[in-house]
*Asks:* 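Before I ask anything, let me first share the structure, which is written out below as C-alpha cells.
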Amino acid sequence: MLLFTPGPTPVPQNVRNAMAQETIHHRTPEFEAIFEKTREHLFKLFQTDEVIMLASSGTGAMEAAVINLCHDTLLNVNSGKFGERFGKIAAAHGLGQVEIKNEWDTPVSVDAVVDAIKANPKIDAVAVQVSESAGGLRHPVEELAAAVKAVNPDIMIIADGITAVGVEPIDVSNIDALLAGSQKALMLPPGLAILGLSNAAIEKIGSGKGYYLNLASEIKKQRQNTTAYTAATTLTIGLLEVLETIGQQGGIDALYEKTAVRAEAVRSALEAIGLHLYPKSPAKSMTTIDDVHASEIRNILKNDYGVNVAGGQDHLKGKIFRINQMGLIEDYEMSWVVNAVELAIDKLGCRVYDGTANKIFNEVTFKLGK
Ligand SMILES: *Cc1c(COP(=O)(O)O)cnc(C)c1O
C-alpha cells in the first residue's frame, strides 16, 4: 500500500534501519553527540535563533508555544481544525482568546489580523498555520507576521509549520516560534515535536510556564545537548538520519525545489482531468480536491490501486480528498497516484480515461524539474 496521506508520511528504509538499533541511555556522551548533531542540522533547517525538541506529538509544540509565549490574549487564525486547536488550547489555559474564522478553503486576510490587534490591545500573541492541513491551504504567514510586527513588535508570532517545515523555505524574520512535527514533512513516526524560537521569544519565555512544556527548562538543558526529561532517543536518531539523508540527496534547497515541482505537477494533472482544487491558496504540502465522489474515489484508490490518501474531517467529511506531497517521494510513485485517480473517475463514470493525468504529471515533472 502506498501511503499518500499528508501525515503520517512514509518513513524511508534507511531511517527505519537507524531506529532499529539497540536503545541507548539518554544521559550518555553517545546520545549527547547525536543530539548535538541533530541540533546543528535543525538550526539550518529552521533558521531560528534557538531550536527545541519535545517528546510529544505536534500538538505538544502548539501548547508549549501558546502557554510560554501568550501571557494575556491569543489571536488565532481558524481556517481549519488545526487553527481552531490553537483557540482551544488558549481556552484550556484560561487565556483570553480572539479568533478570525474563515471557511476551510480561505486563507486569512492580513488586514483582518491587523484590524484585530489594533482593536484589542490585550492580544500579545498571534497563532497561525503556515499550511493548514484541514483543507490544504497556505496562509500568508510571512506577510501577516511583518504586518503585525509593524503595528506592535512585542506581539509574538506563533507559526505552526507542521506541514510546512521541510516542504518550502519559510522566512522567519518576523516569526517567534516555528513548529514542526515528526510524522509530516520530516518522514518519521509520530512522537517528536520541534520548536524554532526567536531571541525575542526566549526573552518573553523568561522562567517559562507549565511544567512538562516549560520551554525555559528545555532551552537550558538542550543548550547542553540534553533534555529536561527523558529524550525521545529513537526518534532523535531517526531525525538525524532523515536530515543527513536530505543532505545526501542534494540538500534542503533541492528538496524544496522538488516538492514545489511535485506540487505543481499534481495540481496540473488533476485539474487537467476536470477535478477542482479545494483551497483558494493551495499549500505545497498536499493537493486537496473537493468532489461529490470523494469517498468513492478514496475507496477505489485503496482497494484497486493500493493507494491510501486522506479524506476530510468535520463538515468536509466525504467531500474532499488530500494527497500528500511532503518528503522524499519517488516520481514514479506519484505518477502511479495521479494515474489511479484518473482510472477511479473513469470507473465512476465521470470521465473516460485517456492517460491525461499522467501525461501532464510527467510533462511538468520532467520539464520544470529537470
Ligand atoms: C498534524 C498537524 C498538527 C497536529 O499534530 P499532532 O501530531 O496530531 O498532534 C498540527 N498542525 C498541523 C498543521 C498539522 O498538520
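In this chain, numbering begins with 1 at the start of the sequence shown. Values below: every heavy atom of this structure, side chains too, minus hydrogens, waters and symmetry copies. Both counts, for ligands and for their atoms, begin at 1 and track the order of listing.
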*Asks:* Is K347 close enough and on-axis enough to Y305, meaning under 6.0 Å and within 45°, for cation-pi?
*Replies:* no

*Asks:* Nearest protein heavy atom to atom 14 (C) of ligand 1, by residue and atom, and its distance?
*Replies:* K184 NZ, 3.0 Å

*Asks:* For atom 13 (C) of ligand 1, what is the nearest protein heavy atom, given as residue, atom name and distance?
*Replies:* S133 OG, 3.3 Å

*Asks:* Quick one: which ligand 1 atoms are inside 4.0 Å of a heavy atom on S57?
*Replies:* 6 (P), 7 (O), 9 (O)

*Asks:* Does ligand 1 have an atom that lies less than 4.0 angstrom from a heavy atom of R85?
*Replies:* yes

*Asks:* For ligand 1, which atoms have a heavy atom of M62 less than 4.0 angstrom away?
*Replies:* 10 (C)

*Asks:* Can you sort out which atoms of ligand 1 are near Q183, meaning under 4.0 Å from one of its heavy atoms?
*Replies:* 6 (P), 7 (O), 8 (O)

*Asks:* When you compare the side chain of V148 with that of L75, does any pair of heavy atoms fall below 4.5 Å?
*Replies:* no

*Asks:* State, to 0.1 Å, how close M62 and I89 come at their nearest heavy-atom pair, and which atoms those are.
*Replies:* CB-CD1, 3.7 Å

*Asks:* Is ligand 1 under 4.0 Å from a heavy atom in the side chain of S131, in the backbone, in both, or in neither?
*Replies:* backbone

*Asks:* Among protein heavy atoms, which sits nearest to atom 11 (N) of ligand 1, and what does the distance come to when rounded to 0.1 Å?
*Replies:* D160 OD2, 2.6 Å

*Asks:* Which atoms of ligand 1 are found less than 4.0 Å from any heavy atom of T59?
*Replies:* 4 (C), 5 (O), 6 (P), 9 (O)

*Asks:* Under a 4.0 Å threshold between the charged nitrogen and the carboxylate oxygen, would D176 count as salt-bridged to K204?
*Replies:* no

*Asks:* Of N299, D304, I297, which is the lone residue that meets side chain to side chain contact (heavy atoms under 4.5 Å, CB included) with L301?
*Replies:* I297

*Asks:* Taking the six-membered ring for Trp, are Y229 and Y211 parallel (under 30°), tilted (30 to 60°) or perpendicular (over 60°)?
*Replies:* tilted

*Asks:* For A193, state whether at least one heavy atom is located under 4.0 Å from any atom of ligand 1.
*Replies:* no

*Asks:* Pick out which of I123, V113, V151 makes a side chain to side chain contact (heavy atoms under 4.5 Å, CB included) with K118.
*Replies:* V151

